[in-house]
**Student:** 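Mind looking over this structure? Questions follow.
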Amino acid sequence: MNQFHSIQPSELQNSVFQTIGKEWMLITAEKEVGGRMEANTMTASWGGLGHLWNKEVAFVFIRPQRYTKEFVDTSDRFSLCFFGGDRMQEMTYLGRVSGRDEDKIQKSGLKLTHLDGVPCFEEATTVLICRKLYVQTLREDCFVDTELCNATYPLKDFHDVYVAEIEHIYVR
């Protein structure tokens, strides 16, 4: 992983509207499964970066039925990997297939590695190493726009929002 170097959050030049909303990201975490550490990942296009509680933070949203949620919930840290618009085929696959059903990371062709002890991908152009600070389930009664709630959550499977401190940012 020596092709990555660390930068400060203020040096990150990417537009989150482009990188998250259009190019997507992978949320990746590890947990112990059958006596050994396993990683799982999911594609996400909802989230953001900002400044909260005097910390540089990322926030991501994960639905309760996603297998990756179990990994993020049991780990203190996770990564957000960005690919600069490359690897959309792999990211589409990783968003559609569950790690419960197959080893989707291996089948994707992406190479899993670790930075700061956190799983991430060698092919990423930007990697954020994040430490969880706060988790809360979105609530129906908090939606001011009830039409948005009904359209987005017809099954009432509200996302959990995770706020995480950005510990390190690595770029190529």
Side-chain angles (χ1 to χ4, degrees), residues 1-31 37-63 66-97 99 104-106 108-138 152 159-172:
M1 293 294 329
N2 54 9
Q3 70 260 24
F4 283 97
H5 66 278
S6 182
I7 65 169
Q8 295 299 311
S10 61
E11 297 176 279
L12 188 63
Q13 297 298 313
N14 304 6
S15 162
V16 295
F17 300 104
Q18 179 67 30
T19 57
I20 296 174
K22 305 282 188 224
E23 298 170 2
W24 311 334
M25 63 184 160
L26 292 179
I27 304 171
T28 310
E30 277 184 324
K31 74 173 188 169
M37 295 303 287
E38 285 189 18
N40 199 49
T41 193
M42 64 174 273
T43 303
S45 63
W46 290 12
L49 307 177
H51 188 80
L52 181 66
W53 304 317
N54 296 315
K55 298 179 181 295
E56 306 304 332
V57 298
F59 55 94
V60 297
F61 298 80
I62 304 177
R63 285 196 195 260
R66 295 302 300 257
Y67 187 47
T68 303
K69 184 178 182 326
E70 296 176 23
F71 290 73
V72 173
D73 285 345
T74 60
S75 179
D76 292 335
R77 299 161 76 215
F78 60 89
S79 71
L80 301 178
C81 292
F82 301 89
F83 297 83
D86 294 337
R87 309 294 181 157
M88 295 303 285
Q89 181 176 347
E90 292 90 336
M91 293 186 67
T92 299
Y93 168 76
L94 291 166
R96 287 190 179 147
V97 174
K104 69 180 190 175
I105 292 175
Q106 181 182 11
S108 76
L110 296 178
K111 294 177 188 74
L112 189 70
T113 190
H114 290 77
L115 288 170
D116 301 332
V118 178
C120 58
F121 293 94
E122 288 184 16
E123 297 84 355
T125 57
T126 305
V127 177
L128 279 60
I129 303 297
C130 302
R131 182 178 63 86
K132 288 187 311 188
L133 299 173
Y134 182 83
V135 180
Q136 184 172 358
T137 303
L138 297 178
T152 308
H159 285 88
D160 278 355
V161 59
Y162 295 80
V163 178
E165 179 179 13
I166 300 169
E167 293 184 323
H168 292 101
I169 298 176
Y170 294 99
V171 296
R172 288 189 182 280

**Student:** Could you name each residue pair satisfying side chain to side chain donor-acceptor pair (under 3.5 Å) that touches residues 72-90, not counting sequence neighbours?
**Tutor:** Lys69-Asp73, Asp73-Tyr162, Arg77-Glu167, Arg87-Glu90

**Student:** Measure across Thr125 and Gly84 and return the closest heavy-atom pair with its distance rounded to 0.1 Å.
**Tutor:** OG1-N, 3.5 Å

**Student:** Does Trp53 reach the side chain of Val163, with side-chain heavy atoms less than 4.5 Å apart?
**Tutor:** yes

**Student:** Given Ile7 and Leu12, is the side-chain contact (heavy atoms from CB on, under 4.5 Å) satisfied, shown in steps?
**Tutor:** CA-CA 7 Å; Ile7 65 169; Leu12 188 63; 4.2 Å; yes

**Student:** Are side-chain heavy atoms of His5 and Val171 found at a separation under 4.5 Å?
**Tutor:** yes

**Student:** Do Phe78 and Thr28 have side chains that get closer than 4.5 Å, going by heavy atoms?
**Tutor:** no

**Student:** First locate atom CZ of Arg63, then atom CG of Asp160, and finally report the distance between them rounded to the nearest 0.5 Å.
**Tutor:** 11.5 Å

**Student:** Can you name the closest pair of heavy atoms from Ile166 and Ala58 and give their distance?
**Tutor:** CG1-N, 3.8 Å

**Student:** Could you pull out all residues at least two apart from Tyr67 that satisfy side-chain hydrogen bond (donor to acceptor under 3.5 Å, both in side chains)?
**Tutor:** none

**Student:** Would you say Glu123's side chain and Phe83's backbone share a donor-acceptor pair under 3.5 angstrom?
**Tutor:** no

**Student:** Under 3.5 Å, side-chain donor or acceptor atoms of residues 16-23 against the rest of the protein: list the pairs with distances, not counting sequence neighbours.
**Tutor:**
{"residue": "Gln18", "atom": "NE2", "partner": "Glu23", "partner atom": "OE2", "Å": "3.2"}
{"residue": "Thr19", "atom": "OG1", "partner": "Ser15", "partner atom": "O", "Å": "3.1"}
{"residue": "Glu23", "atom": "OE1", "partner": "Gly85", "partner atom": "N", "Å": "3.4"}

**Student:** Look up atom CZ in Arg96 and atom CE in Met42, then write down how far apart they are to the nearest 0.5 Å.
**Tutor:** 14.5 Å

**Student:** Write down the atom of Lys55, the atom of Leu133, and the distance for their closest heavy-atom approach.
**Tutor:** CD-CD1, 3.8 Å

**Student:** Where do Phe121 and Phe4 come nearest, in terms of heavy atoms and distance?
**Tutor:** O-CZ, 4.1 Å

**Student:** Mind checking the CD-CD1 spacing from Glu38 to Ile105? Nearest 0.5 Å is all I need.
**Tutor:** 9.0 Å

**Student:** For Glu70, enumerate each residue passing the side-chain hydrogen bond (donor to acceptor under 3.5 Å, both in side chains) test, keeping only those at least two apart in sequence or located in another chain.
**Tutor:** Lys31, Arg100

**Student:** For a quick test of reading the model, state the closest non-hydrogen atom pair linking Val72 to Ile27 and the distance between them.
**Tutor:** CG2-CG2, 4.0 Å

**Student:** Using the rule given for side-chain contact (heavy atoms from CB on, under 4.5 Å), can you reason through Leu110 versus Leu26, listing the C-alpha separation, both sets of side-chain angles and the distance that settles it, and then say yes or no?
**Tutor:** CA-CA 11 Å; Leu110 296 178; Leu26 292 179; 3.9 Å; yes

**Student:** Name all residues meeting the side-chain contact (heavy atoms from CB on, under 4.5 Å) criterion together with Gln8; count only those two or more places apart in sequence or in a different chain, and write none if there are none.
**Tutor:** Ser10, Glu11

**Student:** Return the SG to NE2 distance between Cys120 and His114, rounded to the nearest 0.5 Å.
**Tutor:** 7.5 Å

**Student:** Residues in side-chain contact (heavy atoms from CB on, under 4.5 Å) with Phe61, at least two apart?
**Tutor:** Trp46, Phe59, Leu138, His159, Val161

**Student:** Can you give me the closest heavy-atom contact between Lys104 and Tyr93, atom names plus distance?
**Tutor:** O-CE2, 3.3 Å

**Student:** Hey, could you give me the CD/CZ distance between Glu122 and Arg172, rounded to the nearest 0.5 Å?
**Tutor:** 8.0 Å

**Student:** Rounded to the nearest 0.5 Å, how far does CD1 of Ile129 lie from SG of Cys81?
**Tutor:** 7.0 Å

**Student:** Closer than 3.5 angstrom, by distance alone: can the side chain of Thr68 be matched with the main-chain N or O of Thr41 as a donor-acceptor pair?
**Tutor:** yes

**Student:** Go through the steps for Leu128 and Phe82 under the test side-chain contact (heavy atoms from CB on, under 4.5 Å), then give the verdict.
**Tutor:** CA-CA 9 Å; Leu128 279 60; Phe82 301 89; 3.7 Å; yes

